[in-house]
There are 2 protein chains.
Amino acid sequence: MSAGDARSRKRAPGAAYDPRMAERPDPNDHPPRRSFIERARRAQIVEAATQVVAELGYAGTSLARIAEKAEISKSVITYHFENKDEILRLVVSQFFERGWERMSGHVEAESTASGQVRAWIGSQLEFYAEHRAEFLAMSQIMANHRTPEGSPAFAGELTEEVDALTEILQRGQRDGEFRDFDARGVATIILRCADGVLGSWAVDDSTRLVDQIPALLDFVDHAIRR
Amino acid sequence: MSAGDARSRKRAPGAAYDPRMAERPDPNDHPPRRSFIERARRAQIVEAATQVVAELGYAGTSLARIAEKAEISKSVITYHFENKDEILRLVVSQFFERGWERMSGHVEAESTASGQVRAWIGSQLEFYAEHRAEFLAMSQIMANHRTPEGSPAFAGELTEEVDALTEILQRGQRDGEFRDFDARGVATIILRCADGVLGSWAVDDSTRLVDQIPALLDFVDHAIRR
DNA sequence: CTACATTCGGTCCATGCGTACGGAAAAACG
DNA sequence: CGTTTTTCCGTACGCATGGACCGAATGTAG
C-alpha cells in the first residue's frame, strides 16, 4: 500500500534514508561514506532545489524542474537521493545550521542583554538578507511541507529558539535593563516580529531589508527597555 | 497555447468568470443572476475548500478532496465554479471582507490614536481567533497561490492596510501621543508583528491566541508611545 | 577486459484539473 | 395532471504532470 515500506532499494550509493541524518549531516562518528562525486552532486541538487522553490514556490517544485535547473536528468536526482522529502529537509536544515552558527557568534560577543537581543535580531536579518533565495525556499518549505498524514513537518523547530531568547530576556530583567513582562511571551513576540518583517520582504524585494533593521531594533528596544 | 483562452464555455450557469466578481460578490448593481441553489452550492463549496486548505495545506488541496469534504461529486464544483482559482480567491476575499468590516467598526469607535492602534490589533486578532480555519486557509492561499507565470497572486493586498495604519500613527505623532519614528516603517512592523504572532498560533493551536493579545498590545504600546 | 559507479532515456502508476454526456430533479408550460 | 424545457449533478474519460523506478549506455579504475 504505502509506497516504499519494504522496497528492495537497489544498491543505494548512500545509506538508506535515515531521518536523523537530516539533522546531523556532519558525520564525524560515521566516516563520510559518500564519494567525491556524490557529495558534489548532492550539493548541486540541493542548490538547484533551493532556487526552484524560491522562484516557483513549494507547489511549483518538481523533480523535473530541479533537474532542468541543474541541467541533469531527472534520474540523477533519484539516484543520489532517497526521495524528494530528503532534498527539501536538507534545504531547510542546512540553512538553519549556517544561520544559527553565524548568529550565535554575534550574540555571544555581546555582554549586555540588550546588546544580545540586538545582535540576535540584527545578525539574523542580515544573514537572511544576504541569502534571499535560501530564505525564501526555507520559509516556503517550512510553511508547506507536510508528513504523509497531512500534519506540518516542521512544527516544533522554533521552541528552542524561543527558549534561548527567553533566557536572555530574563537575565536582562534581573540586571534591571528591561522592564517587567512575561519573558516567554515577549520572546515569542520578538521572534515573530522579525519573521513578520521578513514576510513583507519575502513578497516584495523592493523593501530593502537592511534598511528596516535599525527601525526594528529601535522598535524592540523601546518595547522592552525599562 | 494557454488553456481556456477562447473556450466555448458550455452553458455557464453564472456568467463567464469575471475576476471583478471575486472582489464584488455583492451584486446589487447586477441583479443576482445566481439561483438559490447555486448560491447555496457556492457557499457550501467555498466552506469545504476552506476546511480542506486549513487541514491539508495548499498543496494538499484538490478538487477531489473538496468534493469529498462537501460530500458531493467533483463535477458539481466545476459546474458551479469556473476553476479552482476562483474558489481560492473567494476564500481569501470573503475572509478579508468580513475581517475588515469588523475591524473598521472597532477602530472608528476610538478617538485617540493609541486607542485606534489597540483597537486595530486587538479586533483583528480576536476575529482571527474566532475563525481559525478560515485564517489558516487564507494564509496558506496567500503564501502559495501563484499566477500561471509563477509570481505570487496576492502580492499587493497589504499596502492599503499599511497606508491606513500609517495615517493613524502620523496623527498620533502630531497629537504628541507617540514618539518620533518613521510612521510607514513602523506601521509595517506593527502589522507584521501581528502576523508573526498569528504565525506561531497557526502552527501550534495550544498557544491561546486571545491570551497573547494583551501582551502584544502592551509591547506595541511601549514601542511607540512617547 | 572486468567490475563497479554514474548517467540517461523511457516506463509505470497515481493524482490532478477539466470535460463530455446522460439521467435525475425541478421549473415552466399546456 | 402531464409534458417539455431548463437546471443540476454523477459517472466516466482525456490529457497532463509528478514521483519513483528500470534497463541500457557510458564512464572509470584496476
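By convention in this document, chain letters (A, B, ...) are assigned in the order of the sequence lines, proteins followed by strands, and residues within each chain are numbered from 1. Model, not experiment: these values are computed from the prediction.
One interatomic measurement links the two molecules: CD1 of B/I66 to C1' of C/dT15, which rounds to 15 Å at whole-angstrom precision. The separation between A/H80 atom NE2 and C/dA5 atom P is 12 Å, rounded to whole Å. The distance from atom CZ of B/F81 to atom P of C/dC17 is 14 Å, rounded to the nearest whole Å. Residue B/Q44 contributes atom CD, which lies 9 Å from atom P of D/dC9 at whole-angstrom precision. The distance from atom CD of A/E68 to atom C1' of C/dC8 is 16 Å, rounded to the nearest whole Å. Rounding to whole angstrom units, CG of residue A/L63 and P of D/dG18 are separated by 9 Å. Protein atom CD of A/E82 is 13 Å distant from nucleotide atom C1' of D/dG19, rounded to whole Å. One atom, CZ of B/R42, and another, P of D/dC9, lie 13 Å apart when rounded to the nearest Å.
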**Item:** Test side-chain contact (heavy atoms from CB on, under 4.5 Å) applied to A/I141 and A/R89, step by step
**Value:** CA-CA 8 Å; A/I141 296 170; A/R89 296 191 106 91; over 6 Å; no
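For the helix from C/dC1-D/dG30 to C/dG30-D/dC1, the angle separating the two terminal helix axes comes to 10°, with each axis derived from five pairs and the value rounded to 10°.
For the pair B/R42 (side chain) and B/H80 (backbone), a donor-acceptor distance under 3.5 Å is present. Side chain of A/R102 to main chain of A/S123: no donor-acceptor pair is present (N/O by atom type, distance under 3.5 Å, no hydrogens or angles).
The side chain of A/Y79 places an N or O atom within less than 4.0 Å of a non-bridging phosphate oxygen (OP1 or OP2) of C/dT6. Between B/R41 and D/dT7, a side-chain N or O to OP1/OP2 separation shorter than 4.0 Å is absent. At the phosphate of C/dG16, OP1 or OP2 sits under 4.0 Å from a side-chain N or O atom of B/R65. Contact annotation: B/T78 side-chain N/O to C/dG18 OP1/OP2 distance is not under 4.0 Å.
Candidate nucleotides D/dG10, D/dG19, D/dA20 were compared by shortest atom distance to the side chain of B/I72, and D/dG10 ranks first. Each of D/dG10, C/dC17, D/dG19 was ranked by its minimum atom distance to the side chain of B/V76; first place goes to D/dG10.
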Return a table of donor-acceptor pairs under 3.5 angstrom between the side chains of residues 45-54 of chain B and protein atoms on other chains or two or more places apart.
| from | atom 1 | to | atom 2 | distance (Å) |
| --- | --- | --- | --- | --- |
| B/E47 | OE2 | B/Q51 | NE2 | 2.7 |
| B/T50 | OG1 | B/V46 | O | 2.8 |

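Under 3.5 Å, the side chains of A/S151 and A/E149 contain no donor-acceptor pair of N or O atoms.
Between B/E55 and B/K69 there is a salt bridge, since at least one side-chain N of the basic residue sits less than 4.0 Å from a carboxylate O of the acidic one.
At most 12 non-hydrogen atoms from other residues, nucleotides or ligands lie less than 6.0 angstrom from CZ of A/R98.
Ring pair A/F135/A/Y128 is parallel by interplanar angle, where below 30° counts as parallel and above 60° as perpendicular.
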Polar atom pairs (N or O), protein with nucleotides 11-16 of chain D, under 3.5 Å:
| from | atom 1 | to | atom 2 | distance (Å) |
| --- | --- | --- | --- | --- |
| D/dT11 | O4 | B/S75 | OG | 3.4 |

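Seen from the ring of A/W201, B/R192 does not count as a face-on cation partner, given the 6.0 Å and 45° thresholds.
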